[in-house]
Structures are given as C-alpha cells and as structure tokens.
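Data first, discussion second: the structure below is written as structure tokens.
So that the names make sense, note that chain A is the first sequence line, chain B the second, and so on, each numbered from 1.
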Amino acid sequence: MKALRNYLDKIKPQFKEGGKFEKLHSTFDAIETFLYVPDKTTSSGSHIRDSIDLKRTMTVVIMALIPSLLFGIWNTGYQHFLSLGQDAGFMEMVGYGLIKVLPIVVVSYASGLAVEFIFAQYRGHEVNEGYLVSGMLIPLVMPVDIPLWMVAVASIFAVILGKEAFGGTGMNVFNPALLARAFIFFAYPAQITGDTIWTGGLTKGEGVVDGFSGATPLARAAAGAIDKLPSIQDLFFGFIPGSIGETSKLAILIGAAILILTGIGSWRIMVSGLLGGVVMTLIFNAFSANAYMTIDPLTQVLMGSFLFGMVFMATDPVTAAQTNRGKWIYGFLAGFFAIMVRVFNPAYPEGTMLAILLMNTFAPLIDHFVIESNIKRRLKRAASLMKS
Amino acid sequence: MADTIKIKKGLNINLLGEAKKSVSLYHAKEFAIKPTDFIGVFPRLLVKEGDAVKAGSPIFHDKFKEKVVFVSPVSGTVKQIKRGDKRVLEEIIISSDDNNDSIEFGKHDPNSMDRASIIEFLIQAGIWPMIRQRPYSVIANPDDSPKAIFISAFDSSPLAPDLSMIIKEELNTFKTGLDVLAKLTSGKVHLGLPEGRSELAGIKGVETTFYAGPHPAGNVGIHIHKLNPINKGEVVWTVNAQDVVIIGRLFNEGRYDSSVVIALTGSEIKNPQYFKTFKGASIKDLMKDNLKSQNVRFISGNVLTGDKVRQDCYIGFYHQQITVIPEGNYHEFFGWATPGFNKFSFSKAFFSYLSPRKKFMLDTNLHGGERALVMTGQYEQVLPMDVLPMQLIKSCMIEDIELMEKLGIYEVDEEDFALIEFIDTSKTNIQKIIRNGLDLVRKEMS
C-alpha cells in the first residue's frame, strides 16, 4: 500500500494548478479520496471530528440496497424462465439475471458519474458522493427490458437537470433517481408501461407459454382483476414481475432495518409513509366504490413500489422535509398520495413515483410552516414576558 | 429542594487522558495576557516592554470602553509585546518575579456596598472582563442590568476538569463571589450543578439547579435556555465558576489573586493531572518530558471549543484546561470502508457503537472532505434547545439578520454548536458560522 501512496504523492503535483493535468484535478481528487481518507486536519472549532463522512453514509445506503439488487437479479432469471415455461436451476436464473441487470447498473453509473465529474471539474469542487446512491437506485426502479441507451439518457438528464441545474448535490429539489424514471415515463411511455416489459425477454415475445401475461399485480388490480392477485406470500417475498429492485418486500425491509439501525435513513418518514398509505387504503375500503378500493391495506402496501419508494426514495435527506416534525407530515402525505394516485390514475398503474415527486415539491413548504411555528413560539415567549 | 433538569439530547465523547485527581503547584516562569481572548475588544496598550508590574496592574484597555482595564495576573516585568499580522496585538508576556506582589485594594464587604460601587470596584481591580454576557458571549457592558446571572459549576465537555472538586477547596470565597454577583442583578443568580454531586449544594442566596444527562448539560447556554431564555433586547450575564472564586478573593483579601486550577489532559500526556497556577501561565514547562509523541496538537481549552496553540504558548483567559491530542495528518487506506471497531462516531455506521463505554484516542483528522449540507435530522440530536439548528446555521450563512433573530441567535453561542460541528457529516466549520452570525448581529445592534 505504501507504493501506491508514494505513487499518488508523486503524481499529485501534476494535477495541481499549473500542472500538466490541471483539467483532471477533480478526477484525481475523487480517486485519491476514494482510496485514502484525506490527511486534512481541523483548523478551527472542534479539534476532533466524527469518523463519519458522506462516503461512509452513502456506502451504508448502498449496503441497504444490496439485498434488493441481489433478489432482483435472481427474480429476473426466475420470471424469465417462468415465462418460457422452462425448468431452470438457481445458477441459470442468477446467470440470466446478471446478464440483464448488470449492464443497466454499469450504464447508470458510467453515464451519471461522467456528468458528475465534468461538473465537479467545471465548478472546481470535489466530486460529491450523492450519485453513488442515485446510480444504484436508477437500475432498481427500471423494468428489466429497458433499452440501455434510455438508461444512459435518463441518468444524464437526472444529473444535469435534476441536480446540477440547481447547484449540485444538496441543492436539488427532486430526487434524481425518481426524476430519471419520470423522464422515461413521459418521454418513452411505451418502454415503461404495459405487461410485457417487466419480464426479461418478454418484449420480443418468443416462446412464451400460454397463459403467462407478465402483468404486475398493480396492472391486474387496475384492471379490476382482484381475484387474480398473487398471494400475500408471493407479494412479500417477491416472486412477481415488477421493477428490478421493488419486488421483494423482505429485501426492502432488510434495507430499511440497516438504514434505521445506523440512523442514516429517517425512520420518521418510513413509519409515517406507511401510516399514510394504510390510512388512505382504509378510507378507500370504507367507500369501496370499485374493486380496487376494496383491496385490504396489507395487500396495497405490499403491491408495486410502495415500500421501495417509502424506504429508499422518500427518505432522501436532500429532497425530503428537513425538520423532524416536517418529516412526519411529508412522509404521511407521500404514502397517502401514493395509494390515491395508484387507485385513481387511469393511465399508469403505480402512484408512488408521482406522489414522492409531488411531495418533493411541497417539502420546503412543509418546513416553512414548521419553522414558522418555532418562530411564533419564541415570539409568544417574549410577549408573555412583556405582560408580566 | 433544588430541581433536576434532565437533558436527553447530547453526546459524551469518552477520550483517553483524563486528569488524575491530584493537584500540584506549577511555577511557571512566564505569563501572558492575550487580547485575542476577548471578543470585540480593541486593545490599547498601557505598558511597554521592560515595565515592572504587579498583579492587578493595568496592561491594556479597550479603546472604546476605556474604563474596562485588563490587568497583569502576576508581578514581574513586561518581557515582550508580541504582534501578529497587521500589527494585531497577540500577547503581552510578563516574566514573573515569583514574589506575587499585588496592588492592595483593601478588603470589602459586598453586603454593605451598593451595586454601583461594586461594579466600580470590579472594574478598577481588572476583574470586569470575567463577567461576560449573552447574547454574543462578549464582556458584559457595565451599564446594562442583566435579568439574571448564570454560573455553571460543572463542565461536561470531553476530559473537562472536575469543578466541584476544585471549588469546594475554597467554598467560602466562592460564596463571597456569589454574594457579589447577587448584587449585580435584580433577578436571580443561578448555579448549575451536576446531578449526584452535593459538594456545592445548599448555598444560600442562589437558585441551585441540578442537570442530568450528556454534554452539553454543563454548558451555561443550555441552563439559560431551560430556565430563563433570552429574548430580543434582554441580557444575561455569565461567569466561570473559578472566576467567581477570584471575585470572592478580591473582596475577602483586597487583592487580585488570579490563581486557578487547570487540568492537563489528553491522550498524548504521560501524566495527566491538575495544576494550580495563575491565569495565562505558559504551558511550556508542563510539556517537558510529559509528551508521548511529537506530532501533537496543543489545545488551550477542551477538544471541542478550545484554541489551537503552540507548545510555548499560554493558557487562555477563560480556559481551565489544556488538552494534547495527536495530529491526524495521515492518509488512511480505504478508511471510509473499514468496519470501524475503533472509530468513534455519533452515528451507528461504525461497529464501535457496540462498545459505548470504550475510551477513544481521537486525533485531529477531519475524516473526510468538506461537502454540501446533505444529511438532515442529525444536528437536532445533540442540541437540547428548542432551536432549529440547521435553519439557524443557514440563516447565518446567508447573513439574514432578521431570520437569525427569529430563529434564536440571541440564545446560542458557538460552544453550544460544538457537538453539531463534531458530528457533522459534511465537515463544515459550524462554530465559525455561528460566531460570524453573532458578530454580524452585534455590529448591527451597536
């Protein structure tokens, strides 16, 4: 390791101002700090600092996403061979899944990080770690048959217009990963809706066994085919078609546990989001105007990307409400609207994406009211003092 | 019966190098008074190099408040007047003659004096700078009438000295000091004590409150917030507990005796213990043969709020602790990816949280690069105040004075944000931001 350090120290001057590779300063910096925690020390204020940094934080989030990714890879193979009516071994399924999923992950990271590096160099700051998570979230919310070029375009769109246009990581209004998905949804609706895209190879439709439709539970529910919904077990463990990372609720809950135990994901948003979803479902149950409205809360919550959205998307600290009380309101409304949009929206079976994006817009407003109440409390204190 | 206030939010940082509970005498050869210790003071010198001074002799005064003088802690000669960039007055060094001659002011009984003459006496004896005010944490304005005076008789910061142990040795002098302060306010004098310690409990004439919980439970700012929060236009005075003893000595003995007990702490000190010396003592001789390694950071004060000083530097006017910790100027291979059994963190992202009682050796490494303020909900967990820390910090950054006022800038001091700075994922210098905010408001209001 000493040799590597010495090598880095040797080439470092060339990347400094006036050096040969000055234009690659941010790139060198990103690689160096990736390999080594910098030797920078405190200069003023607190002389000691917590061991945590943004790299560690983002790493924990990626660890929380790994169970969903691994299950998604296996499920891609499982659904594929199911659609063909073939028996396949575990390794075959994983193998097929890897071939389908890994390229999406690679393309998402490569295209998004390229933009991040360019902007970091252009703006003269260090490369932010935010995209490490976005780059993993984007593949997980994609259907497996998505064309790779579309992933690249969506990632680049999300980073430039979703993040850099607002000033970079920490300043963005919308969750970049959700924006990437919304971009594809509005730009190329054919590739992200319908029954055939959720199962690997089904788009081409060759050799599919009779009776296999590939429809997601949400599509079935929207069609009113409540009796054809998968069992609670299948919904929970995830043996169903859907976006790559959203199907297994077990994997998502493992991720949620990691985020909550480490304190990195907001449990307030997760809990209130779930609560919001359940409350909306119960309201629907009370009216039961159509078949969709009669679905019980447990099934509603287990269907689609509701849990994935509440655990990994709504909790994004930058685009969520920032005050603790605001987080309760924000999460509740996100869950509430997710189910509402899902049931009422005729064109698109899932509401989680649009509900969270909507709440991203309102997060600053929610915070505003929380801040105002804090200010009022302070003013009231002063006023009561004047009287006495 | 005194009340107990339970503080839930906060963090105790367990460091190696706690001082052994034995007090030795430390005869320093040199002492210094550092104008930079006093926020907002524009010093004008009253001595020149070579002058003979006594303990209590004026050294400089504030250009804009001439009657507030800053005096020599010991007797001897002015050895050097040190200036820094732009001729900023940094240190006035006095070499001690070991006689400890002091100016005789005569004994006074605070109970038979009125407020004005007490203030006059404190200013004349050079003790006034020990009385500071909130908001802004600057030297109190003698013309103000504070709504209360707060004294925290315990320090909860890392490796902090045990103030109860120090003060109970001079309990009567301490009581005289409290009597003096009681005359200065129409409100109450509040004494904050740690829960479970009774050495200082039961003092008459003051309102005693016990505090339980982690740091910053001992911060006077937290006490004020819990008992008598500061609204716009109000002023609260605060005095360090050991300075109350010095005030008591002035009235009981009639002279300025600046002796204080300081704790020499930190993982790089071979024999961490307490020393009795005078204010502004040189720390040079304390370090001789007492360091475990050479690449170290010397801090006057504690690791969260103290000043970075040189090895041949002097203890700060308001400090009662010297901490020496290792410098952290090294590269750590994949440091962010290790399990981290040995890495202290407030978050639970490292396995060290499985051993909460373990004591750590922390160095000055930042443990990461500076980033945008991404994480939310962290700051709130270590600030036991009804203040929105993230929003207040941001209002200071954009210098929006009206918003700062609304969000409670008058109630906070930079030291209250020290823990926030410690746990901050984005490695922002938050205490500096708060200080700039306070300075801005102070200039705007004066």
Side-chain angles (χ1 to χ4, degrees), chain A residues 1 4-5 8-9 29 32-57 59-60 125-126 128-130 167-171 261-264 266 268 317-318 320-324 327 367 370-371 374-375 377-379 381-382 385-386, chain B residues 13 229 231-232 297 299 303-306 308 325 327-337 340 343-350 362-377 380 386-388 390-391 406-408 414 418 421-427 429-432:
Chain A
M1 289 310 103
L4 178 63
R5 184 66 248 168
L8 284 175
D9 285 338
D29 207 68
E32 192 198 3
T33 59
F34 176 77
L35 291 170
Y36 290 93
V37 170
D39 61 346
K40 261 175 117 175
T41 56
T42 54
S43 52
S44 71
S46 181
H47 297 267
I48 53 173
R49 296 296 171 97
D50 202 304
S51 295
I52 197 153
D53 66 349
L54 213 52
K55 276 196 183 62
R56 182 74 179 195
T57 308
T59 313
V60 171
H125 61 57
E126 289 185 38
N128 267 298
E129 287 83 359
T169 303
M171 329 279 180
L261 285 178
T262 55
I264 282 172
S266 167
R268 288 182 180 87
V318 176
Q322 303 201 342
T323 53
N324 282 339
K327 279 177 180 159
D367 277 337
V370 175
I371 295 167
N374 180 283
I375 291 171
R377 205 155 49 237
R378 194 163 287 107
L379 285 176
R381 200 180 67 195
L385 211 85
M386 295 286 225
Chain B
I13 304 169
N231 302 299
K232 187 179 179 179
R297 164 91 43 110
I299 302 162
V303 286
L304 289 176
T305 60
K308 176 183 180 180
I325 56 171
E327 281 286 2
N329 50 348
Y330 55 85
H331 291 274
E332 191 190 0
F333 188 64
F334 275 110
W336 53 274
K343 294 188 163 191
F344 186 82
S345 179
F346 176 64
S347 76
K348 297 190 179 74
F350 295 88
L362 297 188
D363 55 47
T364 63
N365 193 294
L366 261 180
H367 300 298
E370 240 182 82
R371 293 291 183 271
L373 300 170
V374 168
M375 295 302 287
T376 61
E380 286 82 354
D386 184 21
V387 164
L388 297 169
M390 175 73 99
Q391 284 68 28
K406 286 177 174 173
L407 290 171
E414 50 193 313
E421 184 171 75
F422 172 74
I423 65 157
D424 181 27
T425 309
S426 67
K427 311 294 175 191
N429 285 331
I430 284 166
Q431 292 191 78
K432 184 134 199 96

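Among residues two or more places apart in sequence or in another chain, the side-chain contact (heavy atoms from CB on, under 4.5 Å) test is passed with Glu332(B) by Val37(A), Tyr330(B), Lys343(B).
With a threshold of 4.5 angstrom between heavy atoms, Ser266(A) does not approach chain B through any atom at all. Heavy atoms closer than 4.5 Å to chain A are found in the side chain of Ile299(B), but not in its backbone. Residue Ala349(B) touches chain A through both its backbone and its side chain, counting heavy-atom pairs closer than 4.5 Å. Only the side chain of Ile13(B) comes within less than 4.5 Å of a heavy atom of chain A; its backbone N, CA, C and O stay farther away. Of the atoms belonging to Met390(B), it is side-chain heavy atoms, and not backbone ones, that fall under 4.5 Å from chain A. Within the 4.5 angstrom heavy-atom criterion, atoms from both the backbone and the side chain of Lys406(B) approach chain A. Both the backbone and the side chain of Leu304(B) come within less than 4.5 Å of a heavy atom of chain A. Heavy-atom distances place no part of Arg268(A) under 4.5 Å from chain B, backbone and side chain included. For Ser347(B), the parts lying under 4.5 angstrom from a heavy atom of chain A are both the backbone and the side chain. Contacts between Asn128(A) and chain B at a heavy-atom distance below 4.5 Å involve backbone atoms as well as side-chain atoms. Only the side chain of Val60(A) comes within less than 4.5 Å of a heavy atom in chain B; its backbone stays farther off. Of the two parts of Thr57(A), only the side chain, counted from C-beta on, holds a non-hydrogen atom closer than 4.5 Å to a non-hydrogen atom of chain B.
Each of Leu388(B), Ile430(B), Leu362(B) has some count of heavy-atom pairs under 4.5 Å with chain A, and the biggest count is that of Leu388(B). Counting heavy-atom pairs closer than 4.5 Å to chain A, the top-ranked of the candidates Thr305(B), Asp424(B), Leu373(B), Asp363(B) is Asp363(B). Interface summary for chain A: among Asn329(B), Thr425(B), Thr364(B), the most heavy-atom pairs under 4.5 angstrom belong to Thr364(B). Heavy-atom pairs under 4.5 Å with chain A peak, among Arg297(B), Lys232(B), Lys432(B), at Arg297(B). Most heavy-atom pairs under 4.5 Å with chain A, from the set Ser426(B), Ala418(B), Gly377(B), Gly306(B): that is Gly306(B).
The OG1 atom of Thr42(A) sits 6.5 Å away from the CD1 atom of Ile325(B) when rounded to the nearest 0.5 Å. The OG atom of Ser46(A) sits 11.0 Å away from the CD1 atom of Ile423(B) when rounded to the nearest 0.5 Å. For the atom pair CZ (Phe422(B)) and CD1 (Ile48(A)), the distance works out to 4.5 Å, reported to the nearest 0.5 Å. If you take NZ on Lys427(B) and NZ on Lys40(A), they are separated by 11.0 Å, rounding to the nearest 0.5 Å.
Nearest heavy atom pair, residue Ala321(A) against residue Thr376(B), reads O-OG1, 4.5 Å.
Judged by a 6.0 Å distance limit and a 45° cone about the ring axis, Arg5(A) is not positioned over the six-membered ring of Phe333(B).
Residue pairs meeting the salt bridge (charged side-chain N to carboxylate O under 4.0 Å, His left out) criterion with at least one partner in residues 42-55 of chain A, sequence neighbours excluded, are Arg49(A)-Glu421(B), Lys55(A)-Glu129(A).
Side-chain atoms of Arg378(A) come within 3.5 Å of backbone N or O of Asp386(B) as a donor-acceptor pair.
Side chains of His331(B) and Leu8(A) form no contact here, defined as non-hydrogen atoms less than 4.5 Å apart.
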